[in-house]
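The structure appears right after this line, and notes come after that.
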2 protein chains.
Amino acid sequence: MSPDSAVNPPTLSPRAREIVAAAREQLEQEGEISMRRLADRLGIKAPSLYKHLPGKPAVEAAIISDAFLEAAERFEAAQTLRELGAAYRAFALEHPHVYRLLFQGRLPRERLTPGAEARAAAPVIAAAGGDPDRARAIFAFAHGMVLLELDDRFPDDADLEAAWAAGLQSLVGV
Amino acid sequence: MSPDSAVNPPTLSPRAREIVAAAREQLEQEGEISMRRLADRLGIKAPSLYKHLPGKPAVEAAIISDAFLEAAERFEAAQTLRELGAAYRAFALEHPHVYRLLFQGRLPRERLTPGAEARAAAPVIAAAGGDPDRARAIFAFAHGMVLLELDDRFPDDADLEAAWAAGLQSLVGV
DNA sequence: GTCTATACCCGGATAGAC
DNA sequence: GTCTATCCGGGTATAGAC
């Protein structure tokens, strides 16, 4: 067996990569992916997309794998837990729709680049000092803060910096 | 002006109440509301629904208002923060789709029964000792934990009781 | 191989007849 | 109060032209 006989994910053709790039753009700009509008964007008809990728879930999986690695790089650059929290929030606010694709709903793990999810998670685990329960609590706090902010759940005058500081200080004792 | 001249929400007719009850059932059982299947459930055609309620968002808003009050009653019964956390998680696990309707995405506040959202939030604020930053951090933690659990984001062998305990202990110092 | 046209099924919603 | 007919928007499968 050759090394790239891996089933997940199938290696993408150059044309498929172009489609995925356009889909990422569409997601960022429109907030969702529509196969029909994605085809418009590329100047082709919707069914043509299916010659390059098996369907919408495959397009999403490719975006997810890429974005996990992108996010991981930013998280790895953080030196302190406070920086990690800030990096996490910044990524979510800069790419809200991509954030939701990565962290909301069930993850199609079978379709993802192996290791991509784990690499994004690693900095959080490290910051928790190796305690998995604490790491999960910190992750849940950050995820909850980001989603509540993206979903406009906090009052307009809420001091979110202070809430982040309060949470991180309590959870990690910084 | 009479007391019930309130614009939000419009008082529902008995028939509309029946429709909303059926929609709640559908949401719990199927995980989503479809106006077509909702009509099937009631033995009528989809367009007939629109004679009683203006559309799907109105159906959802009625369910949300009811469910906020339902959840509030359960949260108010909690005596300690540990109990409140347990009550929060239990509600989410018993009614996962309703939970998402209540707490995920933008809330159609204009359509809701006034005060319903605030009443569900009050016990959390009280448990935080009146500190709004801390209350937001606790809420974010609980929301994140619940969503990550519902979305199957934790490993199967994760000890979620321990993660809840770790988070609540840190955040409130119990 | 790459595209197109067509069509199917699902969804929410509206107009107008009974 | 309910109906039928209809529109628009999705994802996607198939057939066939180039």
Side-chain angles (χ1 to χ4, degrees), chain A residues 4 9-65 97-98 100-101 104-108 110-112, chain B residues 8-65 97-98 100-101 104-108 110-112:
Chain A
D4 51 358
T11 305
L12 297 182
S13 69
R15 186 67 173 136
R17 277 260 137 242
E18 289 175 22
I19 293 173
V20 170
R24 164 79 182 250
E25 231 186 70
Q26 184 186 43
L27 178 62
E28 304 251 21
Q29 292 170 3
E30 302 178 20
E32 60 186 357
I33 295 169
S34 151
M35 296 298 270
R36 290 176 192 269
R37 289 197 305 273
L38 176 55
D40 287 347
R41 210 170 253 265
L42 291 160
I44 61 179
K45 300 299 174 188
S48 302
L49 296 171
Y50 293 81
K51 302 294 180 175
H52 305 282
L53 288 152
K56 186 175 178 176
V59 175
E60 290 176 341
I63 295 177
I64 292 172
S65 294
H97 305 294
V98 173
R100 291 183 198 275
L101 193 60
Q104 234 179 127
R106 270 186 181 64
L107 207 55
E110 336 74 50
R111 294 175 179 275
L112 303 185
Chain B
N8 308 315
T11 305
L12 297 182
S13 69
R15 186 68 173 134
R17 278 260 138 241
E18 288 175 23
I19 293 172
V20 170
R24 163 81 182 249
E25 229 186 72
Q26 184 186 42
L27 177 62
E28 304 252 23
Q29 291 171 3
E30 302 178 19
E32 60 188 357
I33 294 169
S34 151
M35 296 298 270
R36 290 178 193 272
R37 289 197 304 276
L38 176 55
D40 287 347
R41 213 171 250 265
L42 291 160
I44 60 179
K45 300 298 174 187
S48 303
L49 296 172
Y50 293 81
K51 302 294 182 176
H52 304 282
L53 288 152
K56 187 175 176 175
V59 176
E60 291 176 340
I63 295 177
I64 292 172
S65 294
H97 306 294
V98 173
R100 291 183 197 277
L101 192 61
Q104 239 182 101
R106 269 184 182 68
L107 206 55
E110 337 72 51
R111 295 176 180 273
L112 303 186

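Below, chains carry the letters A, B, ... as their sequence lines are ordered, and counting in each starts from 1. The figures that follow rest on heavy atoms only: side chains count, while hydrogens, waters and symmetry mates do not.
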Round to a whole Å and report the spacing from CD of A:Glu32 to P of D:dG9. 13 Å
With respect to the side chain of B:Lys56, which nucleotide from D:dT12, C:dA13, D:dT2 is positioned closest? C:dA13
For atom OH of B:Tyr50 and atom P of C:dA13, their distance in whole Å: 4 Å
Rounded to whole angstroms, how far apart are CD1 on B:Ile19 and P on C:dA13? 13 Å
Side-chain atoms of B:Pro47 come closest, of C:dG12, C:dT4, D:dC3, to D:dC3
Could you tell me whether B:Leu42 contacts a base, only the sugar-phosphate backbone, or nothing, with contacts defined as non-hydrogen atoms closer than 4.0 Å? nothing
So if I take every side-chain heavy atom of B:Ile44 and compare against C:dT4, D:dT2, D:dG11, which nucleotide ends up nearest? D:dT2
Between B:Glu28 and B:Val98, is there a donor-acceptor pair closer than 3.5 Å when you use the side chain of the first and the backbone of the second? no
Between atom CG of A:Leu53 and atom CE of A:Met35, what is the distance when rounded to the nearest 0.5 Å? 7.0 Å
In whole Å, what is the span from the NZ atom of B:Lys45 to the C1' atom of D:dT2? 10 Å
Distance check needed: D:dC3 C1' versus B:Asp40 CG, whole Å only. 14 Å
Does C:dG1 have OP1 or OP2 under 4.0 Å away from a side-chain N or O of A:His52? no
Could you give the distance from NE2 (B:His52) to CD (B:Glu18), rounded to the nearest 0.5 Å? 9.0 Å
Position toward the 5' end of DNA chain C (nearest nucleotide), A:Leu49 or B:Met35: A:Leu49
Any B:Ser48 side-chain N or O less than 4.0 Å from OP1/OP2 of D:dG1: no
Against the side chain of A:Lys51, the closest entry in C:dT4, C:dG11, D:dG10 is C:dT4
Could you go through the side chain to side chain contact (heavy atoms under 4.5 Å, CB included) check for A:Glu60 and A:Ile63 one step at a time? CA-CA 5 Å; A:Glu60 290 176 341; A:Ile63 295 177; 5.7 Å; no
Gap between atoms CG and P, on B:Leu38 and D:dT2 respectively (whole Å): 12 Å
With a 4.0 Å cut-off on N to O distance, would you call B:Glu32 and B:Lys56 a salt bridge? no
Kindly say whether, by distance alone, the side chain of A:Arg36 makes a donor-acceptor pair under 3.5 Å with the base of D:dG9? no
Return the value, rounded to whole Å, for the distance between atom CZ of A:Arg37 and atom P of D:dG9. 10 Å
Between C:dC10 and B:Ser34, is there an OP1 or OP2 to side-chain N/O distance shorter than 4.0 Å? no
